[in-house]
There are 2 protein chains.
Amino acid sequence: MASHAAQDARSTGGRATVSRGAVRDVALTLFAERGYHGTALSQIAAELGIRTPSLYNHMRAKQDLLSEIVLETTEQVWLDYQAAVDGVEDVAERLRQAIRTYALRHATHRREALIVNQDAGHVEEPARSRVFELRRSHERAVRGLIEEGIAIGRFKEATPSLASFGILEMCVSIARWFSEDGVLSAETVADRYSEYALRISGLVEAEDRPGE
Amino acid sequence: MASHAAQDARSTGGRATVSRGAVRDVALTLFAERGYHGTALSQIAAELGIRTPSLYNHMRAKQDLLSEIVLETTEQVWLDYQAAVDGVEDVAERLRQAIRTYALRHATHRREALIVNQDAGHVEEPARSRVFELRRSHERAVRGLIEEGIAIGRFKEATPSLASFGILEMCVSIARWFSEDGVLSAETVADRYSEYALRISGLVEAEDRPGE
DNA sequence: CCTACCGATCGGTAGG
DNA sequence: CCTACCGATCGGTAGG
């Protein structure tokens, strides 16, 4: 199996020219498919049409490739969350927007999501602590929305921590099967999954709420 | 960090004696923690207090350790499903029992579940095909329950395939955080998650159903 | 159960 | 970007 880059180099008879971004892109694909420890740098190099030592012109170490991917993705999840809930008053709508954004990211950044999910535990310090701190913040924030909704009678749910874990992990699953060529768009999937989040949280329909 | 087995061998001054089951148990723990490719046979041996070549008295190859764990677990999931729904008439109750069993397994067999989730893709043929065939059967069966419930007006859900994927993956998440020492028992967690499955599927409450 | 040892492959460096 | 090469470690075998 030859990559485009490797074919390009052969067909032009010239040496392949590779960028930092190209290395990262191939690493994203292979880490997502085979896992960090299941991917050899020689495979990344082959896909780019170069020899393994040449990779070191574009990176410092294999571990840096992983930790940058995982850290940047996790940071973006947290920023996405904050942007999604910013200025939204109704707590149910805040939860919907938070999960819609999270689900959408898992459809549009599948490889990143799979790597975070499979290999976050293989990230070394100091990135590792930062990654887990960010994930905890995100989970706590989502749980906080559910607890807030319960407190004001908007949601009805006995175990908010179970609900928040379940909701978030449900979204992660999107990265496993979503395809851009499928019948459902990323937006549609994100809409459905954010609806599931409200159902799991026991959203009390307007007509059932007292005083409204 | 020394294992119990390694400590036993040293404290008795004798050679460690290891069984096939002990090898499997350590493999379960380490594969679950570090992944298949992230675990070296030397680490398994060290945990047992023996040298790497001695492992081969209890196994044929590292890959067999993985494929047996993954295949047996996946087969058990399918058997569990069939036992759970057997003889249950109401489709909502069938879904509840199916998901209760699946969730319960993820709380009581955490290591197996994590390995299937992380490393099923690293299982080699012919076990690999069998594993994926079994997983597809299970997913199709759960989706079938949801579709059946929709057809008779018991559930209200626009995208049953999204619902079934989400429900199953939500259960997998249990293996990531469940602890026997936590405040919630495995049974309680399984009850809550099977309730979420019904909510995701849009269970129509009895009082809202026409003709009842 | 062990020691001794195998070829293969790993991530990474030297030097151009 | 390359060739040449490093020490370490991998899964696994031979032979006792």
Side-chain angles (χ1 to χ4, degrees), chain A residues 2-24 26-27 30-31 33-69 115 119 122-124 127, chain B residues 2-24 26-27 30-31 33-69 115 119 122-124 127:
Chain A
S3 72
H4 295 304
Q7 284 176 337
D8 287 350
R10 272 197 301 282
S11 63
T12 61
R15 288 201 169 89
T17 299
V18 157
S19 68
R20 189 180 163 88
V23 173
R24 186 193 170 101
V26 172
L30 296 188
F31 287 174
E33 265 176 21
R34 313 170 186 185
Y36 175 68
H37 280 122
T39 304
L41 289 181
S42 61
Q43 296 171 319
I44 295 177
E47 199 69 20
L48 290 162
I50 62 175
R51 306 284 178 180
T52 306
S54 302
L55 284 174
Y56 287 84
N57 294 314
H58 309 288
M59 60 172 223
R60 260 189 30 221
K62 188 191 181 192
Q63 170 65 214
D64 289 17
L65 230 40
L66 176 68
S67 55
E68 280 170 23
I69 289 169
I115 294 168
D119 290 311
H122 297 132
V123 171
E124 292 173 6
Chain B
S3 73
H4 294 303
Q7 284 176 337
D8 287 351
R10 272 196 302 281
S11 63
T12 62
R15 289 203 168 89
T17 297
V18 158
S19 68
R20 189 180 164 87
V23 172
R24 186 193 171 99
V26 172
L30 296 188
F31 287 173
E33 263 176 22
R34 312 170 188 186
Y36 175 69
H37 281 123
T39 304
L41 289 180
S42 60
Q43 296 172 320
I44 295 176
E47 199 68 20
L48 291 162
I50 62 176
R51 306 286 178 179
T52 306
S54 302
L55 285 174
Y56 286 84
N57 294 315
H58 308 288
M59 60 173 222
R60 261 190 28 223
K62 188 191 181 191
Q63 169 66 214
D64 289 18
L65 231 39
L66 176 68
S67 56
E68 280 170 23
I69 290 168
I115 294 167
D119 290 311
H122 297 133
V123 171
E124 293 173 6

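By convention in this document, chain letters (A, B, ...) are assigned in the order of the sequence lines, proteins followed by strands, and residues within each chain are numbered from 1. Computed over heavy atoms, backbone and side chain alike; hydrogens, waters and symmetry mates excluded.
- Separating the CG atom of A/Leu41 from the C1' atom of D/dT9 is a distance of 15 Å, rounded to the nearest angstrom.
- Considering all non-hydrogen atoms of both residues, B/Asp119 and B/Phe31 come closest at OD2-O, 4.2 Å.
- A distance of 6.0 Å separates CG in A/Leu55 from CG in A/Leu41, rounded to the nearest 0.5 Å.
- Of the candidates C/dG11, D/dG12, D/dA4, the closest approach to any side-chain atom of A/Tyr56 belongs to C/dG11.
- Rounded to a whole Å, the CG atom of A/Leu55 is 10 Å from the P atom of C/dG12.
- Here the nucleotide nearest the side chain of B/Pro53, chosen from C/dC2, C/dC1, D/dC1, is C/dC2.
- Remark on DNA chain C: of its neighbouring residues A/Arg60 and A/Gln43, the 5'-side contact belongs to A/Gln43, judged by nearest-heavy-atom nucleotide.
- If you check C/dG12, D/dG11, C/dC2 against the side chain of B/Ser54, the one that comes closest is C/dC2.
- OP1 or OP2 of D/dT3 sits under 4.0 Å from a side-chain N or O of A/Arg51.
- Nucleotide D/dC1 forms a pair with C/dG16, judged by Watson-Crick or G-U wobble geometry with both contacts under 3.5 Å.
- In this structure, the nucleotide among C/dG12, D/dG12, C/dC1 sitting nearest to the side chain of B/Met59 is D/dG12.
- Between the P atom of D/dT9 and the CD1 atom of B/Ile44 lies a distance of 17 Å, rounded to the nearest Å.
- Neither OP1 nor OP2 of C/dT9 sits under 4.0 Å from any side-chain N or O of A/Ser42.
- For the OP1/OP2 pair of D/dC1 and a distance below 4.0 Å, the side-chain nitrogens and oxygens of A/His58 include at least one atom meeting the criterion.
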Assess whether side chain to side chain contact (heavy atoms under 4.5 Å, CB included) is satisfied between B/Asn57 and B/Val18, documenting all intermediate values. CA-CA 9 Å; B/Asn57 294 315; B/Val18 158; over 6 Å; no
Give the intermediate values and the outcome of side chain to side chain contact (heavy atoms under 4.5 Å, CB included) for residues A/Arg60 and A/Leu65. CA-CA 8 Å; A/Arg60 260 189 30 221; A/Leu65 230 40; over 6 Å; no
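- Between B/His37 and the choices A/His122, A/His37, A/Arg34, the side chain to side chain contact (heavy atoms under 4.5 Å, CB included) rule is met once, by A/His37.
- Nucleotide C/dA8 forms a pair with D/dT9, judged by Watson-Crick or G-U wobble geometry with both contacts under 3.5 Å.
- Between the NZ atom of B/Lys62 and the P atom of D/dT13 there is a distance of 15 Å, rounded to whole Å.
- Rounded to an integer number of Å, the gap from B/His37 NE2 to C/dG11 C1' is 16 Å.
- Note: CG (B/Leu48) to C1' (C/dC2) measures 15 Å, nearest angstrom.
- Taking every side-chain heavy atom of B/Asn57 into account, C/dC1 is the closest of D/dG12, C/dC1, D/dT3.
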